[in-house]
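Everything on this sheet refers to the single structure shown next.
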Number of protein chains: 2
Amino acid sequence: MTDDLHGAVGVLLGDDGQRYTVGRRNLVEVLRQAERPLTAAEILEAGSLPQSSAYRNLAVLESCGVVHRVAGTDELARFELAEDLTAHHHHHLICTECGLVSDFTVPDSLESDLAAVAHRVALETGFRAEHHRLDLLGRCVHCG
Amino acid sequence: MTDDLHGAVGVLLGDDGQRYTVGRRNLVEVLRQAERPLTAAEILEAGSLPQSSAYRNLAVLESCGVVHRVAGTDELARFELAEDLTAHHHHHLICTECGLVSDFTVPDSLESDLAAVAHRVALETGFRAEHHRLDLLGRCVHCG
DNA sequence: ATTTATGCAAATCGTTTGCAAACCT
DNA sequence: AGGTTTGCAAACGATTTGCATAAAT
C-alpha cells in the first residue's frame, strides 16, 4: 500500500498543508496505471469520484506538483503524474485526428541541445525558461 | 491592397471552395499585424466582427491552412497565420504566469535534429509525425 | 437564381463554485 | 471542536449552432 509513489505524493501534499485523502489516492492510482495522459472524462470513468471532487483534487495535486496538465490540440484538459514521480523526462505524440496523446523520449544529446537553446533565448529575450515542451503532431497508429 | 499575403490566402480558400469575404480579410489583417498568437477575445477586440462570425471564420481559415491554432497553458484558444504564409518556422515562449505566447526561432542544426527524431519515432512507434512543436515554458519579461 | 456567409440569440460543453453534510486529527 | 474535504446542484465562460437575412458569384 505504502509504496514509493504514494509516499512521495504524501510528502508533496504535506509540504503544502494538504491531506492525502482517499479520493486523491484514487486519482493518483488511476494516473499511475495509465501509460499516457488522461482527459478529465477518462479519469472520471476510471476512478470513482464525482466530477467536482475530481476536478478539485486534480487542481490541488497540480498545485503541489504531483500532477501535470498536458495540452493537446483539442480543448480537453489532460493530466499525468509529474515527471519527478515517475521514471523520466518524456515528450508527447499528439494525434491531430483523434486527439490521443502518448509518450516518447528523445536522445540525451537532443535534450542537451534544447537546454542550450533555452539558455540562449533567456539571454536574448529576458524570458526565463523553466521547462520545455517538445511534441510531435501527426497521425497515431489508429488514425494513420 | 492585393499584396502577396491576401493573394495567397485567396488561393488557399479558393482551393477549398471558400470565398475570401470582407470578414475573413479582416481576420487575416488582424493576425498579420499581431506579432504573436492572439486569443479569440483579442481578435474580437481588434477586428470588427461579431463573435459567431469570428469563430466560424477562424474555423474556416484553419481548415484551409491559413490560420493555425496554438495551445498555451491556459484554456484559451490562440491563433496565428500559418507559417507557410509568413516568414518562417518558429516556436513559442509561453508564460506560465499570465499565459502570454510569443515567438522565437532555433538554429537550423537543432531543427535538423528534431526532424531526425521525428523520423526515428515514426519507425519505432508507427506514429506519422507531420509537424513538431517546441515550446519554452516559464516567466515572461513582465512576470519575471 | 442559387449557393454561401452573416449576425443575432439561444444552446452546448467542459469546468468551476456555493453550500451544507461528512471527515480527519 | 476546528478546519478541511466531499458531493450535489447550480453557475460560469468560452465556443458553437439554429435560423432568417444579406452577400457573392
Side-chain angles (χ1 to χ4, degrees), chain A residues 2 6 9-30 37-64 66-79 98-101, chain B residues 1-2 6 9-30 37-64 66-79 98-99 101:
Chain A
T2 312
H6 289 297
V9 171
V11 170
L12 286 171
L13 282 165
D15 285 353
D16 215 54
Q18 301 279 357
R19 298 170 185 166
Y20 198 8
T21 62
V22 179
R24 289 169 190 177
R25 202 173 283 264
N26 190 327
L27 286 174
V28 169
E29 206 47 55
V30 167
L38 298 182
T39 61
E42 289 171 327
I43 291 171
L44 287 172
E45 239 180 305
S48 44
L49 346 174
Q51 292 198 0
S52 62
S53 299
Y55 278 110
R56 255 192 290 236
N57 285 323
L58 285 168
V60 168
L61 292 170
E62 190 184 3
S63 82
C64 295
V66 173
V67 158
H68 183 227
R69 190 180 289 252
V70 176
T73 52
D74 53 27
E75 69 296 338
L76 298 170
R78 289 164 199 269
F79 303 87
C98 70
L100 186 80
V101 179
Chain B
M1 288 294 92
T2 311
H6 289 296
V9 171
V11 170
L12 285 171
L13 282 165
D15 286 353
D16 215 55
Q18 301 280 358
R19 297 167 185 171
Y20 198 8
T21 63
V22 179
R24 290 170 189 179
R25 202 173 284 264
N26 189 328
L27 286 173
V28 169
E29 205 49 54
V30 167
L38 297 182
T39 61
E42 289 171 327
I43 291 171
L44 287 171
E45 239 180 305
S48 44
L49 349 177
Q51 291 199 359
S52 63
S53 299
Y55 279 110
R56 253 192 292 236
N57 285 323
L58 284 168
V60 169
L61 292 169
E62 189 185 3
S63 82
C64 294
V66 172
V67 158
H68 184 227
R69 190 179 290 249
V70 176
T73 52
D74 54 25
E75 70 296 337
L76 297 169
R78 288 163 200 270
F79 304 87
C98 70
V101 179

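Predicted model, so just to flag it, every value in this text is computed and none were measured. Note on naming: letters A, B, ... go to the chains in the order of the sequence lines (proteins, then strands), and numbering restarts at 1 for each one.
- Residues passing the ring-ring contact (aromatic ring centres under 6.0 Å, His included) test with Phe79(A), sequence neighbours excluded: none.
- Across all non-hydrogen atoms, the minimal contact from Asp74(A) to Gly99(A) is OD2-CA, 3.8 Å.
- The residue among Val22(B) and Arg19(A) whose nearest nucleotide of DNA chain D lies closer to the 5′ end is Arg19(A).
- One interatomic measurement links the two molecules: CG of Leu38(A) to C1' of dG14(C), which rounds to 16 Å at whole-angstrom precision.
- Ala77(B) comes within 4.0 angstrom of sugar-phosphate atoms only, judged by non-hydrogen atoms across all strands, and of no base.
- Atom CZ of Arg78(A) and atom C1' of dG14(C) are 13 Å apart (whole Å).
- The line from CG of Leu76(A) to CG of Leu38(A) is 12.0 Å long, rounded to the nearest 0.5 Å.
- With rounding to the nearest 0.5 angstrom, the CD atom of Gln51(B) is 12.0 Å from the CD1 atom of Ile43(B).
- Picking from dA5(C), dT15(C), dC8(C) the nucleotide with the shortest atom distance to the side chain of Ser52(B) gives dC8(C).
- Across the protein-nucleic acid pair, Gln18(A) atom CD and dT25(C) atom P stand 13 Å apart, rounded to whole Å.
- Contacts of Leu49(A) classified as side chain to side chain contact (heavy atoms under 4.5 Å, CB included), with partners at least two apart in sequence or in another chain: Asn26(A), Leu27(A), Ser53(A), Ala54(A), Asn57(A).
- Residue Thr21(B) is in sugar-phosphate contact alone, with no base atom involved, counting any heavy-atom pair closer than 4.0 Å across all strands shown.
- Closest-nucleotide positions on DNA chain D for Gly17(A) and Arg69(B) were compared, and the one nearer the 5' end corresponds to Gly17(A).
- Using a 4.0 Å heavy-atom cutoff across all strands shown, Ala40(B) reaches sugar-phosphate atoms only and no base atom.
- Listed by first then second residue, pairs satisfying salt bridge (Lys or Arg N to Asp or Glu O under 4.0 Å) with a partner in residues 51-64 of chain A read Glu62(A)-Arg69(A), not counting sequence neighbours.
- Residue Ser48(B) is the one, among Ser48(B) and Gln51(B), whose nearest nucleotide of DNA chain C lies closer to the 5' end (criterion: closest heavy atom).
- The separation between Leu44(A) atom CG and dT16(C) atom P is 12 Å, rounded to whole Å.
- Sorted by residue number, the members of residues 54-64 of chain A with any non-hydrogen atom under 4.0 Å from DNA chain C read Tyr55(A), Arg56(A).
- Comparing the local axis fitted to the first five base pairs of the helix from dA1(C)-dT25(D) to dT25(C)-dA1(D) with the one fitted to its last five gives a bend of 30°, rounded to 10°.
- Contact detail for Pro37(B) and Arg78(B): the closest heavy-atom pair is CB-CB, 4.0 Å.
- Val67(A) places none of its side-chain heavy atoms less than 4.5 Å from the side chain of Val28(A).
- The side-chain heavy atoms of Val60(B) and Leu13(B), taken from C-beta on, include a pair separated by under 4.5 Å.
- Going from atom CZ of Arg19(B) over to atom CZ of Arg24(B) covers 8.5 Å, rounded to the nearest 0.5 Å.
- In summary, contact between chain B and DNA chain D, defined as any nucleotide atom under 4.0 Å from a heavy atom of the protein, begins and ends at dA14(D) to dA24(D) in the 5' to 3' direction.
- Around CD of Glu29(A), the count of heavy atoms belonging to other residues, nucleotides or ligands within 6.0 Å exceeds 12.
- In this entry the distance linking CG of Asp74(B) with P of dT16(C) reads 12 Å, nearest Å.
- For the atom pair CG (Leu44(B)) and OG1 (Thr39(B)), the distance works out to 8.0 Å, reported to the nearest 0.5 Å.
- The distance from atom CG of Leu13(A) to atom P of dT25(C) is 13 Å, rounded to the nearest whole Å.
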